[in-house]
Amino acid sequence: MREKQALEQTKEPPLPDSVLIPAFEKLMLDLGYDEQKRKIMSTSLNSWNKYRLLEQYQQHTVSDHCYTHIANLRTDPTETKVQQLRVSLSHRSMQWLKQFFENDGLNALLELLSDLQRRRNKPLADYRVLWEVVMCFSKVMFTPVGLPAIVNNPLALRTLALTLESEFKPEQRADPANGELIEASYKAKLAVLDLLTKLCLIPQLLPEGARYVMESLDNFKLVFREKKRFQTLIDSLKDPMSSPEYKCQVVKLFSAILVRIDHLPRKMHLRDELEKAGLDGALNDLKAMPNDALANNIALYFEELEADAEEARENPIDLSISCDPDAMFRNISAALSGTDAYPFMAEVLQQMVKLAHDPDSPQWGFLARMVPKLLNPTGEVETRKQLDDAQQKVIELEDFKSRATITAEAREGILKRLRAALGVETNEQLEKKAQELIAISKAPPPLPEKRPGATPPPPPPPLRMGMALAQPDDATSGFGAPPPSPPRHASKPSLHQARLSEILGLPPPPPSPQVGQPAAVPAPAPAPQADRG
């Protein structure tokens, strides 16, 4: 065989250089090689090697179709079949990869990955398939075709990040029989961490790679209900079953995320969040582990931490310096982006958008007074009851304003109904009729007529010993007569009369005596003097 190859190399290849060199250049472009690698292969390979690569590529392309691999992912996803797909994704042209994504290959991979994640008590074969699926993503993630397809799919990175779930309970970790399963699980997790770290460190391909990674980790927190963000990753650093290589990759991921954050307040906020979640303590405990790569990454993390703290001390940033609302909004948005406070900021802004439709609302003044008190660092904050009372007063004021305001149309409608009810045509006639009604309501009720033959009222009861003598109230009251009894039902002005007076601007009727109080008796007219002529 070697003699045949040596004999062939003494001859010219079947294709002339004018055809072979452009064909080989096209092959390297299809395979996604960068300029440096293309230059090395063009200079290091002779014409016969280039020709053999072209021949092997053409033969493999004819027999290897992306449709077959996509069908295997959905019908027979064995370790061998997924491994064959990984090899094809590594060596196929950009056109082949484009066909793979156009024919729903990415969704087929995501469906298989999600199915493997949902399985509980997986056997070792499932973990091996899981690792092969993650490696398929790694082969296409950073290609000109694969990166846009994965980033633009809202489920791709989020589904990949869910592989970081801690599947084994403490008692399962303590069982030596599960050692191989745990090792295979961490192998798949390590591949996912490597992908997420690289996404943060390729600004020339994906400037917002760190933001996509943070969104996937935020989704992980929601799905698995972490009490604190990154808690699962930080706990895995404390797991004695995780390898030093895995621990090193976790530290690299945190460092890569922090490096890609340019806004210092946001970076310090994230560092504070990581410290509260226990990262700094876990890294200090790992310093004693005899692993050079891990020790170097931990040292680098703390060096960057000290550098950021020094920069924050030398250049304190006050978000309130600028009086430009647009500038302040940009600063606040940049400081809170990717944090737990960002959704709350969005909710506050949504409420303010509703309030913006009413620039005269007293709630603007309420907000201006209450927010500084809530943020007062001295602790002189209004109590919750006081805030509730103030808010209730604002609500009552708005309600009174809405009820007290009567538009011209509403007023005319009320007057029209009153004119129809009282049988008049003009407002002047209505006012005259209303005054007549009010005058009638003020008149005292008529006295009952004396009927002939009516029985006079009985005399008052005789006085008993010890009974106080009643004093006469006026000249008409007889000695020992009881005081006049109060009326049973005190007359009140009707609601109709009161409302009518309010609308027409008339003075309200005088208040009627309350129940239990004697009615006012008009003073008697002076008796006529006898003529003493």
Within the 3.5 Å criterion, strictly below it, is a donor on S114 or R118 matched to an acceptor on the partner's side chain? yes
Test log, rule salt bridge (Lys or Arg N to Asp or Glu O under 4.0 Å), inputs K122 and E167: CA-CA 10 Å; K122 291 189 283 287; E167 304 173 78; 2.4 Å; yes
Is the closest basic N to carboxylate O distance between K228 and E273 below 4.0 Å? no
Worked check of salt bridge (Lys or Arg N to Asp or Glu O under 4.0 Å) between K238 and D285: CA-CA 9 Å; K238 307 172 186 177; D285 294 339; over 6 Å; no
May I ask you to decide if L294's main-chain N or O and N291's side chain share a donor-acceptor pair within less than 3.5 Å? yes
Salt bridge or not between D218 and R211? Use side-chain N to carboxylate O under 4.0 Å. no
Check whether the side chains of N107 and E111 place a donor and an acceptor atom closer than 3.5 Å, and report yes or no. no
Determine the minimum heavy-atom distance between L196 and S216, stating which atoms define it. CD2-OG, 4.4 Å
Is the shortest heavy-atom distance from the side chain of R86 to the side chain of S88 under 4.5 Å? no
Please check if the number of heavy atoms outside K221 that lie under 6.0 Å from its NZ is greater than 12. yes
Which atom names give the shortest non-hydrogen contact between S90 and K139, and what distance separates them? OG-CD, 3.2 Å
Among side-chain atoms of T197 and K252, is any donor-acceptor pair under 3.5 angstrom? no
Salt bridge flag under 4.0 Å for residues R119 and E165: no
Please find out if less than 6.0 Å separates the ring center of F220 from that of F230. no
Give the C-alpha distance, both sets of side-chain angles, the deciding distance and a yes or no for side-chain contact (heavy atoms from CB on, under 4.5 Å) between Q84 and T80. CA-CA 6 Å; Q84 291 173 355; T80 302; 3.8 Å; yes
Is the number of heavy atoms from other residues, nucleotides or ligands within 6.0 Å of CD (Q36) greater than 12? no
Could you check if a side-chain atom of L109 sits within less than 4.5 angstrom of a side-chain atom of L73, using non-hydrogen atoms only? yes
Value rounded to 0.5 Å, distance of CG in L190 from OG in S243: 6.5 Å
For atom CZ of R225, is the number of surrounding heavy atoms from other residues, nucleotides or ligands below 6.0 Å larger than 12? no
Does the side chain of E79 reach to within under 4.5 Å of the side chain of Y127, using non-hydrogen atoms? no
Pairwise side-chain contact, L113 with L160, heavy-atom cut-off 4.5 Å (strictly under): yes
Sub-3.5 Å donor-acceptor pair from the side chain of K198 to the main-chain atoms of L193, do we have one? no
K267 and its salt bridge (charged side-chain N to carboxylate O under 4.0 Å, His left out) partner, picked from D308, D272, D262: D308
Mind running side-chain contact (heavy atoms from CB on, under 4.5 Å) on R229 and L270 for me, showing each step along the way? CA-CA 10 Å; R229 193 165 53 162; L270 180 57; 4.1 Å; yes
Is the shortest heavy-atom distance from the side chain of I234 to the side chain of V250 under 4.5 Å? no
Check whether N219 reaches the backbone of E215 with its side chain - one donor and one acceptor, N or O, closer than 3.5 Å. no
Interatomic spacing from CE in M135 to CG in L130 - rounded to 0.5 Å: 12.0 Å
Scanning both residues in full, the closest heavy-atom pair of L106 with A149 reads CD2-O, 3.6 Å
F344, CZ atom: more than 12 neighbouring heavy atoms under 6.0 Å: no
Tell me if the CG atom of N121 is crowded by more than 12 foreign heavy atoms within 6.0 Å. no
Worked check of side-chain contact (heavy atoms from CB on, under 4.5 Å) between L164 and F224: CA-CA 11 Å; L164 301 174; F224 295 110; over 6 Å; no
Are any non-hydrogen side-chain atoms of T78 and V129 less than 4.5 angstrom apart? no
If you take all heavy atoms of M268 and A309, which pair is closest and at what distance? CE-CA, 4.2 Å
Per the side chain to side chain contact (heavy atoms under 4.5 Å, CB included) rule, which among I202, V151, L157 passes with M141? L157
Measuring only between side-chain heavy atoms, which start at C-beta, is F137 closer than 4.5 Å to V192? no
So does D76 have more than 12 non-hydrogen atoms from other groups sitting under 6.0 Å from CG? yes
Within the 4.5 Å heavy-atom criterion, are Y301 and L258 side-chain neighbours or not? yes
Using modelled atom types only, decide if a donor and an acceptor are shared between the side chain of N72 and the backbone of P77 within a distance under 3.5 Å. no
When rounded to the nearest 0.5 angstrom, what is the spacing between NE2 in H269 and CG in L274? 10.0 Å
Side chains of S185 and K189: any donor to acceptor distance under 3.5 Å? yes
Would a distance-only check, ignoring hydrogens and angles, find a side-chain to backbone donor-acceptor pair under 3.5 Å from N297 to A293? yes
Donor-acceptor pair between S236 and Y246 side chains, under 3.5 angstrom: yes
Do the side chain of D175 and the main chain of A177 share a donor and acceptor less than 3.5 angstrom apart? yes
Measure from the side-chain N and O atoms of Q117 to the backbone N and O of T159, and report whether any donor-acceptor pair falls under 3.5 Å. yes
Nearest heavy-atom approach of P123 to L181 is C-CD2, 3.9 Å
Ignoring hydrogens and geometry beyond distance, is a side-chain donor-acceptor pair present between S255 and E304 at under 3.5 Å? no
As a quick check of understanding, evaluate side-chain contact (heavy atoms from CB on, under 4.5 Å) for L147 and V140, giving each step before the final call. CA-CA 7 Å; L147 184 60; V140 299; over 6 Å; no
Nearest heavy atoms of A108 and I70, plus distance in Å: CB-CG2, 4.2 Å
Distance col, row L97:CG vs E102:CD, nearest 0.5 angstrom, shows 11.0 Å
Between K187 and E180, does at least one N-O distance fall below 4.0 Å, as a salt bridge requires? no
Between S166 and R173: side-chain donor-acceptor atoms closer than 3.5 Å: yes
